[in-house]
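Input: a single structure, listed below in structure tokens.
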Amino acid sequence: MSFRPLTPDFAISPQLSVADVNAAASQGFRTIICARPDGEGAGQTPAAEIEQAARCRGLDFVAIPVRSGASPDDSAVAAMNAALKQMPGPVLGYCQSGNRAARLWALTQMGSLSKDAILMAGRAAGIDLSTLGDRLDTASHSAQDSSGKASSRRFNIVIAGGGAAGLSTAASILKRRPNVSVAIIEPSTSHYYQPGWTLVGGGVFTPEQTRRSEEKLIPSGATWIRQSVTAFQPDAREVVLDDGTALSYDILIVATGLSLDWAGIAGLPETLGKNGVTSNYRYDLAPYTWQLVQGLSRGTALFTQPPMPIKCAGAPQKAMYLSCDAWRRRGVLKDISVEFDTTTPALFGVAAYVPALMNYIERYGIDLRLRSKLIAVDGPQRIATFERVTDNGTTQVQRSFDMLHVVPPQVAPDVVKNSPLAGADGFVSVDPATLRHTTFADVFALGDVAGTSNAKTAAAVRKQAPVVAVNVLAALDGKAPVAIYDGYGACPLTVERGRIVLAEFAYGGKLEPSLPLWLLRGTEPTRLAWFLKEKVMPPLYWHGMLRGHELMVAPQKAPGA
Ligand code: FAD
């Protein structure tokens with residue numbers, strides 16, 4: 001049997017026998033896809049026998065039967081898409097002649113190959129895929145050519161940003177309505193679980209545990225456009241991409257996150273990652289935090305927090321508490337002078353959590369400096385300059401350090417700030433409950449870029465995504481928003497290794513615990529909250545939230561909906 005490759009990762013074959021499966025295994029195939037229903041012809045080996053032979057040789061197997069003469073329907077294409085994403089390659093697809101397997105493959109490639117490239121791959125394998133007709137150039141589905149440029153210009157839904165918010169919302173939408181066309185514009189080939197960076201800086205996680213390939217996270221049925229949005233043109237219902245082309249939409253979802261303004265602190269960019277200057281706010285720097293903590297046995301450690309808003313307002317303190325705990329366990333905390341400089345007027349924005357945090361400030365002997373803003377760093381001299389508000393005005397103070405953990409100022413991305421979508425603060429101006437734009441009814445925003453007063457956290461995104469999903473689908477149908485968001489956000493404050501003060505609150509600082517108080521009291525440090533942070537939240541994020549599984553976050557109905 002000769003297997004006919006369409007790409008290095010996918011080949012087709014006529015009906016397989018058990019001996020062919022062995023040959024496929026020897027040639028390095030790792031997955032077999034059967035596109036033929038059982039019982040079509042005399043002498044046809046049943047799919048179950050092929051599966052058994054495949055599994056004996058360590059190959060994965062999936063059956064996506066397509067009736068002879070029929071064009072693969074949307075559910076078969078979705079199943080093929082999922083199989084190609086989840087199963088290891090190279091993949092061998094088979095049916096009676098190989099034709100149905102090739103057609104299934106072709107219909108999943110519109111997100112990554114141009115029509116010409118798909119037709120050429122078919123021809124190389126002896127299959128005429130042009131019989132798929134407009135299914136290959138249907139405007140609502142198509143995507144990129146081989147250079148990564150957008151080749152089709154219109155989608156029902158365009159999502160700017162494929163981070164926590166963009167991915168979860170796309171998944172939630174496609175779960176509800178798989179045939180809607182969704183484009184995710186995202187330049188990065190990796191996605192990061194940023195809440196894990198605190199634990200990288202605390203020596204609990206490796207950096208690799210917080211990173212996944214973006215490609216693997218794009219929900220099946222969505223088209224990934226590997227570019228950045230360079231301009232929003234809501235009057236024309238278009239976004240402009242960095243190759244200068246434009247995409248038009250029925251509905252736009254803005255989910256670009258926020259920008260870290262490292263240069264907002266003089267001297268900081270030059271010294272980050274050396275001279276004892278670190279930050280858990282970058283994937284590549286979080287391991288340096290742990291390295292510094294391990295290396296320090298005496299001296300001065302400074303931890304800073306910029307003006308609000310920032311993502312995960314507790315993260316500056318989390319880095320400090322975990323560092324102090326590590327020094328305490330090593331018996332060197334008494335020889336390290338620790339200072340927390342925060343621009344905020346209080347240790348934490350929601351008063352109910354302050355007493356528990358103050359206990360730790362005292363226990364670790366931290367010098368707490370409120371209304372103290374880091375404005376400059378001299379790395380080689382190891383001097384940090386602060387502007388402090390006192391009863392008599394502002395003064396500048398210089399502090400020398402052995403370790404400096406910096407959290408940078410955080411601002412709306414320029415592309416948003418300079419667009420008609422921005423509110424006065426530069427973030428996207430949306431209704432805080434429906435997350436729909438205050439002027440453009442066909443625009444929604446969520447996540448860190450939304451101009452709402454909730455805590456900017458992935459926990460907030462988990463609740464916002466289903467709300468935006470149902471409101472976007474309602475808008476596509478010409479209806480008013482049907483769901484509302486209550487402002488929920490959560491901040492697990494890692495006060496020591498093994499214990500967390502779990503702050504959960506909604507708009508206005510209203511406490512909003514997810515679990516009954518007898519099980520978990522968020523205003524006190526608990527082991528259960530640490531267990532949730534370390535063991536439960538990461539899989540819930542990767543396999544639940546980003547896949548559109550809305551566990552305990554069913555969207556709340558809008559009044560009258
Ligand atoms: P992101 O996940 O940052 O995604 C934005 C995406 O948009 C990115 O992929 C980016 O490449 C893309 N993008 C940017 N510009 C453009 C453009 N012009 N065009 C197209 N795409 C663009 N949250 C918690 O819930 N719990 C925690 O314990 C927690 N701890 C944290 C600790 C740290 C150190 C940090 C940094 C964050 C923490 N967070 C925590 C916050 C959480 O990670 C964010 O709130 C969440 O990631 C926001 O999701 P988002 O999709 O809005 O932004």
Side-chain angles (χ1 to χ4, degrees), residues 158-170 183-202 205 210 212 214 217-218 224-232 239-242 247 252-260 278-283 285-286 289 309-319 322 405-408 410 412-419 427-428 445-450 452 454-465 468 488-494 500 502-504 529-530 532-534 537-538 540-541 545-546:
V158 164
I159 302 179
L167 289 169
S168 337
T169 311
I184 300 176
I185 306 166
E186 168 59 59
S188 172
T189 52
S190 294
H191 173 69
Y192 301 93
Y193 177 58
Q194 299 170 38
W197 293 350
T198 294
L199 296 188
V200 175
F205 283 176
T210 68
R212 295 269 162 100
E214 177 79 18
L217 298 172
I218 298 287
W224 175 23
I225 296 186
R226 220 174 46 242
Q227 296 201 47
S228 299
V229 174
T230 54
F232 292 100
V239 294
V240 180
L241 307 179
D242 49 12
L247 282 189
L252 170 70
I253 301 171
V254 187
T256 55
L258 50 68
S259 291
L260 300 174
T278 188
S279 179
N280 286 350
Y281 273 65
R282 247 175 47 186
Y283 174 78
L285 293 176
T289 303
I310 62 170
K311 51 181 158 185
C312 196
Q317 292 177 60
K318 298 185 208 177
L322 286 181
H405 180 276
V406 183
V407 174
Q410 301 177 30
D414 285 346
V415 65
V416 171
K417 198 164 48 194
N418 302 329
S419 80
F427 290 88
V428 183
L446 77 162
D448 294 347
V449 76
T452 45
N454 58 278
K456 293 190 184 297
T457 54
V461 170
R462 205 161 74 83
K463 273 224 157 177
Q464 292 171 337
V468 171
Y488 174 87
C491 189
L493 290 135
T494 51
I500 275 177
L502 180 56
E504 293 183 283
W530 178 276
L532 294 176
K533 168 92 182 159
E534 186 187 359
M537 295 318 287
L540 190 66
Y541 181 82
M545 175 173 150
L546 297 190

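Note that ligands are numbered from 1 as they come in the structure, with each ligand's atoms numbered from 1 the same way.
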### Message
So for Arg462, does at least one of its heavy atoms come nearer than 4.0 angstrom to any atom of ligand 1?
### Response
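False for this residue.
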
### Query
So is Met537 close enough to ligand 1, meaning a heavy atom under 4.0 angstrom away?
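Not so, Met537 does not reach ligand 1.
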
If you have a sec, work out which protein heavy atom is nearest [atom] and how many Å separate them, to one decimal?
atom                    : result
atom 53 (O) of ligand 1 : Gly257 CA, 3.6 Å
atom 34 (C) of ligand 1 : Asn280 O, 3.4 Å
atom 14 (C) of ligand 1 : Thr256 O, 3.3 Å
atom 24 (C) of ligand 1 : Ala458 N, 3.4 Å
atom 40 (C) of ligand 1 : Pro195 CG, 3.5 Å
atom 12 (C) of ligand 1 : Glu186 OE1, 3.1 Å
atom 4 (O) of ligand 1  : Gly163 CA, 3.3 Å
atom 2 (O) of ligand 1  : Ala164 N, 3.2 Å

### Query
So Leu540 and Arg462, side chain to side chain contact (heavy atoms under 4.5 Å, CB included) or not? Walk me through it.
CA-CA 10 Å; Leu540 190 66; Arg462 205 161 74 83; 4.0 Å; yes

Could you tell me whether some N/O pair between [X] and ligand 1 is separated by less than 3.5 angstrom?
X      : answer
Lys533 : yes
Val449 : no
Ala165 : yes
Ala315 : no
Lys318 : yes

Distance-minimising heavy-atom pair for [X] and [Y]:
X      : Y      : result
Arg212 : Leu217 : CB-CD1, 3.9 Å
Cys491 : Cys312 : SG-SG, 3.6 Å
Val449 : Val416 : CG2-CG2, 3.9 Å
Thr169 : Ala465 : OG1-CB, 3.7 Å
Asn280 : Ala319 : ND2-CB, 3.5 Å

#### Entry: Winner among Gly166, Gly161, Cys312 once heavy atoms are compared against atom 38 (C) of ligand 1
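Nearest heavy atom to atom 38 (C) of ligand 1 lies in Cys312.
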
### Message
For atom 45 (O) of ligand 1, which of the options Asp242, Asp448, Val254 provides the nearest non-hydrogen atom?
### Response
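Shortest heavy-atom distance from atom 45 (O) of ligand 1: Asp448.
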
Interfacing atoms of ligand 1 (cut-off 4.0 Å, heavy-atom, [X]):
X      : answer
Pro187 : 20 (C), 21 (N), 22 (C)
Gly447 : 52 (O)
Ala255 : 5 (C), 6 (C), 7 (O)
Ile185 : 20 (C), 21 (N)

### Query
Does Gln464 reach the main-chain N or O of Gly447 with its side chain, forming a donor-acceptor pair under 3.5 Å?
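Here the side-chain-to-backbone pair exists.
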
### Flag, side chain of Thr256 to backbone of Ala160, donor-acceptor distance under 3.5 Å
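Between the backbone of Ala160 and the side chain of Thr256 there is no qualifying donor-acceptor contact (under 3.5 Å).
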
### Derivation and outcome, side chain to side chain contact (heavy atoms under 4.5 Å, CB included), residues Ile253 and Leu446
CA-CA 8 Å; Ile253 301 171; Leu446 77 162; 3.6 Å; yes

Just list the side-chain donor-acceptor pairs under 3.5 Å for residues 190-198, sequence neighbours left out, or say none.
{"unit_1": "His191", "atom_1": "NE2", "unit_2": "Tyr541", "atom_2": "OH", "d": "2.5"}
{"unit_1": "Gln194", "atom_1": "OE1", "unit_2": "Lys311", "atom_2": "NZ", "d": "2.7"}
{"unit_1": "Trp197", "atom_1": "NE1", "unit_2": "Thr210", "atom_2": "OG1", "d": "3.2"}

#### Entry: Atom pair OG1/CD of Thr189 and Glu214 - distance to nearest 0.5 Å
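One gets 8.0 Å once the value is rounded to the nearest 0.5 Å.
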
### Query
So how far is it from Ser228 OG to Asp242 CG, rounded to the nearest 0.5 Å?
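Answer rounded to 0.5 Å: 4.5 Å.
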
Is [X] touching ligand 1 with its side chain, its backbone, both, or neither, if touching means heavy atoms under 4.0 Å apart?
X      : result
Pro492 : side chain
Gln194 : both
Thr198 : side chain

### Residues that Asn418 engages under side-chain contact (heavy atoms from CB on, under 4.5 Å), provided they are two or more places apart
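Here the qualifying residues are Asp414.
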
#### Entry: Side chains of Leu167 and Ile218 in contact at under 4.5 Å (non-hydrogen atoms)
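Of all side-chain heavy-atom pairs linking Ile218 with Leu167, at least one is under 4.5 Å.
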
